[in-house]
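One structure is given here, and the rest of the page talks about it.
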Amino acid sequence: MNTANAATSEKNTLSLSTLPGDDVRQIMWRFAERFELQMAVQSARSVARGVVARLVAEGARNTHDWTEEKAQVLRAFDESGLTNVFMEPEDGGFITGPKNLALALVAFELAWVDAGAATTSMAGNLALAPLHERGTPEQVRTYMQRCAAPQPGEDRKPWHGAFVLTEPLPYVGVDTGVLSGKMRVASWKEGKEPILQVEKRGRFITNIGFANFVTVAVDSDDERIKGSCMVILEDTDEGNFDAGSMTLKLVHQLSSTGDPIFNLKVPASRIIGGYTIKDGVIFPNYSHSEIIESVFRRTRVTAAIMSSAKLLSAIEPIIRYQRGRFRGGAGSTPGTPRYDLGIQQKEDALHRLADIWATGEASASLGFAAARFFDEFDSLEKEKEKIFEEQGLKGRAQLKTLRAAQEEALEFMELDVQPGKKRDAKRHEELKAKPLVQFVIGDSMANVLCPAAKLWNTGFGTTMMREAVSLMGGYGITEDCPGFIGQKWMDAQLEATYEGPEAVQRRQLSVTMTNEVFLAQLRQWIKDMRVVAGQRPGTGACTLAKAMELWDWTLQHLMKAKDADGKALYHGQRHGVTFPMADALCWLLSTRCQILDLIELEEKGPDNPVLAENLAGTVQFFTDLCHVQAARAAGEVGRICAELVFGYNSHPSWESEPKVGCNVKAGPCVCMDEMRPFVELRSKLDGCLTGSRLAKDRAAAALSQVMIPEALDYPA
């Protein structure tokens, strides 16, 4: 046997022995060295697979009301320390610095069992997020400490909050540029703090059934107040703090959701971020849009990771169900393939399960990559804010400054990828030391990663959850389906909607993905993936690089091209063009993150003695899943790009000139020589799919052999 054949033979015999455990995930998701995050994961897991799972199994989801039974979840959050994950150490927390990865890990563990419980946890943090991002030091300290779980020896009940942005009926939607919530000056005595009258109606507000305070977005209805802002309202303020009617949801019943009504008098010091008085007019220091922009660019990632947990949590119950499907029936005796493998004798069942697993891995990789990125980006954002404040820059002046920094950012990125000997080292270091230059580079990534994770994880994740349900047969749509898979499928639809539905995410991506700084990074990724492909040809990295190249070519073409009627193809209102390109980009981003996680496992895994025995098989399985997902992504990107490149040209007819025919049909044929570069790229991309189905076969074989526990580790 020659060397190449020996390597192939060895590759084919490596297989996944057990389902990936914490040691694998800690490496792939980059928290193997962070003990505090491992503690948070264990705490969330104990709550999810203990109190939460029991509530779901006992039917607590069968009512829309927030009950004393469901309130056990809040107490479990406090007792396990989950309530304090969001807090700084001085306010009772135990994690120092940015907490995006920590919150994503907690949401993942809770959503592994029930997304309603995860949403309850997330919504409490969302209520505090405006304070965390823009609150005054006094506001932050006051509400963080009130919401922190009691410390040993303390006798108090922690506060809970709700975030109120959405508009009241009949203005259903998330048009955050138009606020119906209003505020006026109720009284303003000489030398005293102004008292505000705040009126707000919310819709579909999470945590409202037990909230002690809310952070609401309102607009001025008084010439003595300028613009919009966010305000803190407490349930003991003078006036009406009405939780309103509960929403009759079909999903997420372990969270409290309703349509509250507020009409309250509050001191102006409740304006989040404070205010300034000039010539008798109150100027909030931050508009509501400035606050929610910084809030949503992070919290949407947490919502995205919940759908990833659903997909990955479905794998074990499906394997168990499929293998035991025929046991007990005639002709199914121990030791026979029918008894041992059940439905997993069939290739189709295994291939579909491999697709679900590959999607779950890609979505988790994208979500956790985004969470880690925002942790790293946090200091740059703070530095940027500090510079703007010191220089007194606001509004358009800020935008002008950032536009100037963009040119330098592109220059830095070009220098950064040059070999050391050829690079202008002095200029490179000079640009590297400029906070605004580094901020612009990071900002271009943040503006793409956040909507991409929210859109793809929840949108396509929901589609694949339906696939998971189908693999459970009729069992999948029952309340007692192991792993609550049917409920997770329905829950996923809500995650695709809240914190901005899919159209909002696509709209944001269609604007931010054309940023030249982001595109410069994308082109570097293409080169990086080709290097990976040379070192690890079975990962699908070559396929991904070619798909990225095709997407980039298509974007550049669409931004210049016109349709058959002479209308521009790529502009803000042409969603038929911009939205599919946004969808295609999500496939590319998620697959890239999945391959990078695989590389991390392959490189760092040998340092963990626990993984030594089974690492090679695990790496081979994840390599095959990457190849499967890269092929799927390439297929989606190729289809979308081809439709857009060719689809807006008029099809020739026999009445048009020239009349071109072909030898395979009677009608006129398309002949567009100017599209030859696209055709060549597409043809090469198709060739890059070589071996992808063999990878799926290997992944399928591994799924039929992997060992699983006798039963789930939570009631179902």
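Interatomic distance, CG of Leu544 versus CZ of Arg530, reported as 10.0 Å (0.5 Å rounding). Thr514 OG1 to Gln556 CD: the interatomic distance, rounded to the nearest 0.5 Å, is 9.5 Å. Within the model, atoms OG1 of Thr458 and CD of Glu499 stand 10.5 Å from one another, a figure rounded to the nearest 0.5 Å. Atom CZ in Arg592 sits 10.5 Å away from atom CG in Leu366 (nearest 0.5 Å).
Contact of the Asp528 side chain with the Gln524 side chain is registered, since non-hydrogen atoms from C-beta on lie closer than 4.5 Å. Proximity of Phe412 to Gln438: side-chain heavy atoms (C-beta onward) are separated by under 4.5 Å at one or more points. Inter-residue side-chain proximity for Thr401 and Phe388 is flagged as met; some heavy-atom pair is nearer than 4.5 Å. With contacts defined as side-chain heavy-atom distances shorter than 4.5 Å, the pair Ile305/Ser363 does not qualify. Side-chain contact between Leu585 and Trp456 is absent, with no heavy atoms from C-beta onward closer than 4.5 Å. Counting heavy atoms from C-beta outward, Lys562 and Lys567 have side chains that stay 4.5 Å or more apart. Using a 4.5 Å cut-off on side-chain heavy atoms (C-beta onward), Glu411 and Glu414 make no contact. The side-chain heavy atoms of Met28 and Phe622, taken from C-beta on, include a pair separated by under 4.5 Å.
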Stepwise side chain to side chain donor-acceptor pair (under 3.5 Å) check, Ser308 with Asn457: CA-CA 6 Å; Ser308 311; Asn457 284 20; 3.3 Å; yes
Verdict with reasoning, Cys450 to Phe374, per side chain to side chain contact (heavy atoms under 4.5 Å, CB included): CA-CA 9 Å; Cys450 178; Phe374 279 109; 3.9 Å; yes
Residues Glu290, Arg134; criterion salt bridge (charged side-chain N to carboxylate O under 4.0 Å, His left out); working and verdict: CA-CA 9 Å; Glu290 288 176 308; Arg134 302 294 188 188; over 6 Å; no
CA sep, side-chain torsions, deciding dist, call: Asp597, Ser365, side chain to side chain donor-acceptor pair (under 3.5 Å): CA-CA 7 Å; Asp597 280 359; Ser365 295; 2.7 Å; yes
Stepwise salt bridge (charged side-chain N to carboxylate O under 4.0 Å, His left out) test for Glu636 and Arg639: CA-CA 5 Å; Glu636 289 294 325; Arg639 175 187 61 78; 2.9 Å; yes
Chi angles and distances behind the salt bridge (charged side-chain N to carboxylate O under 4.0 Å, His left out) call for Lys454, Glu495: CA-CA 9 Å; Lys454 177 67 169 59; Glu495 287 139 38; over 6 Å; no
Chi angles and distances behind the side chain to side chain contact (heavy atoms under 4.5 Å, CB included) call for Tyr286, Cys229: CA-CA 6 Å; Tyr286 298 102; Cys229 66; over 6 Å; no
Step-by-step salt bridge (charged side-chain N to carboxylate O under 4.0 Å, His left out) determination, Glu549 to Lys546: CA-CA 5 Å; Glu549 191 177 356; Lys546 187 58 69 180; 3.2 Å; yes
Residues Phe368, Phe373; criterion ring-ring contact (aromatic ring centres under 6.0 Å, His included); working and verdict: CA-CA 8 Å; Phe368 285 122; Phe373 171 81; over 10 Å; no
Verdict with supporting geometry, Met230 and Val216, side chain to side chain contact (heavy atoms under 4.5 Å, CB included): CA-CA 5 Å; Met230 293 199 72; Val216 305; 5.8 Å; no
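Side-chain contact check for Asn447 and Arg297: at least one donor-acceptor pair (N or O, by modelled atom type) lies under 3.5 Å. Thr96 and Glu88 are not linked by any side-chain donor-acceptor pair at a separation below 3.5 angstrom, with hydrogens and angles left out of the test. Between the side chains of Thr119 and Tyr498, a donor-acceptor pair is found at a separation under 3.5 Å. In the model, Glu361 has a side-chain atom that pairs as donor or acceptor with a side-chain atom of Trp357 under 3.5 Å. Checked by atom type, the side-chain pair Gln493/Thr462 shows no donor-acceptor distance below 3.5 Å. Residues Asn285 and Thr276 have side chains that bring a donor and an acceptor to within less than 3.5 angstrom of each other.
The salt bridge (Lys or Arg N to Asp or Glu O under 4.0 Å) pairs that include a residue from residues 501-510 are Arg506-Asp583, where partners are two or more places apart or lie in different chains.
Residue Leu37 comes nearest to Leu101 through the heavy atom pair CD1-CD2, 3.7 Å, listed as atom of the first residue, atom of the second, then distance. Contact record, Val85 with Lys99: O-CD, 3.0 Å, taken as the closest heavy-atom pair. Contact between Leu689 and Ala634 at its shortest, heavy atoms only, is CD2-CB, 4.1 Å. Closest approach of Ser444 to Asn515, counting heavy atoms only: CB-ND2, 3.9 Å. When all heavy atoms of Val295 and Ala129 are compared, the pair lying nearest together is CG1-CB, 3.7 Å. Nearest approach of Ile27 to Lys604, heavy atoms of both residues: CG2-CB, 3.7 Å.
Using a distance-only test at 3.5 Å, with no hydrogens or angles considered, a donor-acceptor pair links the side chain of His627 to the main chain of Gly538. A donor-acceptor pair is defined here as one N or O able to donate and one able to accept, closer than 3.5 Å; no such pair exists between the side chain of Thr543 and the backbone of Ala630. Counting only distance, with no hydrogens or angles, the side chain of Ser228 and the backbone of His288 share a donor-acceptor pair below 3.5 Å. Formation of a donor-acceptor pair under 3.5 Å by the Tyr570 side chain with backbone atoms of Ala561 is not found in this model.
Between Asp563 and Arg574 a salt bridge is recorded (basic side-chain N to carboxylate O distance below 4.0 Å). At a threshold of 4.0 Å, the pair Arg427-Glu430 counts as salt-bridged, since one of the basic side-chain nitrogens sits closer than that to a carboxylate oxygen. With respect to Asp552 and Arg523, a salt bridge is recorded, a charged nitrogen being found less than 4.0 Å from a carboxylate O. With respect to Arg536 and Glu603, a salt bridge is recorded, a charged nitrogen being found less than 4.0 Å from a carboxylate O.
In this structure, Arg632 is not positioned above the aromatic face of Trp587 in the sense of NZ or CZ being under 6.0 Å from the six-membered ring centre and within 45° of the axis.
Ring pair Phe377/Phe439 is parallel by interplanar angle, where below 30° counts as parallel and above 60° as perpendicular.
Taking the six-membered ring wherever Trp is involved, the centroid distance between the rings of Phe163 and Phe296 falls below 6.0 Å.
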